[in-house]
Student: 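Sharing a structure with you now.
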Amino acid sequence: MAHHNLDALDRKILNMIADNARIPFLEVARACNVSGAAIHQRIAKLDGLGVLKGSQFLIDPEKIGYETCAYIGLFLKDPEKFDEVVEKLKRIPEVTECHYTTGGFDMFIKIYARNNHHLLNIIHDKLQPLGLSRSETIVSFNAVIERQLPIPEMEDEAEEETEEEL
């Protein structure tokens, strides 16, 4: 995975759009004291580098009828079929994340279900046929923290701030 060095303008732009993805570019430009074209170019650059991973509206699953959020550790009968299982998981719309992890699980997924009965049906009818030896399910009652990661400062700036504090 590539790490990209971000300059102060990149970090300021990222902080602003992470706080409000709908902020007009002209407002970002004014706050950054640059032209609107410069903001468009920087956003395009950050997008091209993969720093930005698209833009989308986030739908609250509960508001559209998905009351149960669960994390499921999957144990495969044949771990060599990981890629095949991932392709099949992509076809299950309730699966919103899939991670290859360390530890005992072969993979770890996040799913949303309308209720516990629907969750049971997903596990029994959609997950078990994928070739699982077993699974472990953790139901989430509520996400109490959901946020973007902070934009890291450049080491030179962090050192300057530390020196100034002394």
Student: Flag the pair L132 / L76 as yes when at least one side-chain heavy-atom distance between them is below 4.5 Å, and no otherwise.
Tutor: yes
Student: To check you understand the geometry: which heavy-atom pair defines the closest contact between R11 and L6, and what is its length?
Tutor: NH1-O, 2.6 Å
Student: Is E97 atom CD crowded by more than 12 heavy atoms from other residues, nucleotides or ligands, each under 6.0 Å away?
Tutor: yes
Student: So M16 and N20, do their side chains get closer than 4.5 Å, heavy atoms only?
Tutor: no
Student: Indicate, with yes or no, if L26 and L46 share a hydrophobic cluster defined by side-chain heavy-atom contacts under 4.5 Å among Ile, Leu, Val, Met, Phe, Trp and Tyr.
Tutor: no
Student: Taking I43's backbone N and O only, do any of them form a donor-acceptor pair with D47's side chain (distance below 3.5 Å, no angle check)?
Tutor: no
Student: Any side-chain heavy atom of V139 within less than 4.5 Å of one from L119?
Tutor: yes
Student: Angle between ring planes, Y66 versus Y112, binned at 30° and 60°: parallel, tilted or perpendicular?
Tutor: perpendicular
Student: So do the side chains of K45 and Q41 get within less than 4.5 Å of each other, counting heavy atoms only?
Tutor: no
Student: Are D106 and K81 within salt-bridge range, i.e. N to O under 4.0 Å?
Tutor: no
Student: Salt bridge check, R30 against E27: does any charged N sit closer than 4.0 Å to a carboxylate O?
Tutor: no
Student: Same cluster or not: L127 versus F105, using hydrophobic residues (I, L, V, M, F, W, Y) connected whenever any side-chain heavy atoms lie under 4.5 Å apart?
Tutor: no
Student: Measuring only between side-chain heavy atoms, which start at C-beta, is H40 closer than 4.5 Å to S35?
Tutor: no
Student: Is there a path from I122 to I138 through hydrophobic residues (I, L, V, M, F, W, Y) whose side chains come within less than 4.5 Å of each other?
Tutor: no
Student: So L89 and L74, do their side chains get closer than 4.5 Å, heavy atoms only?
Tutor: yes
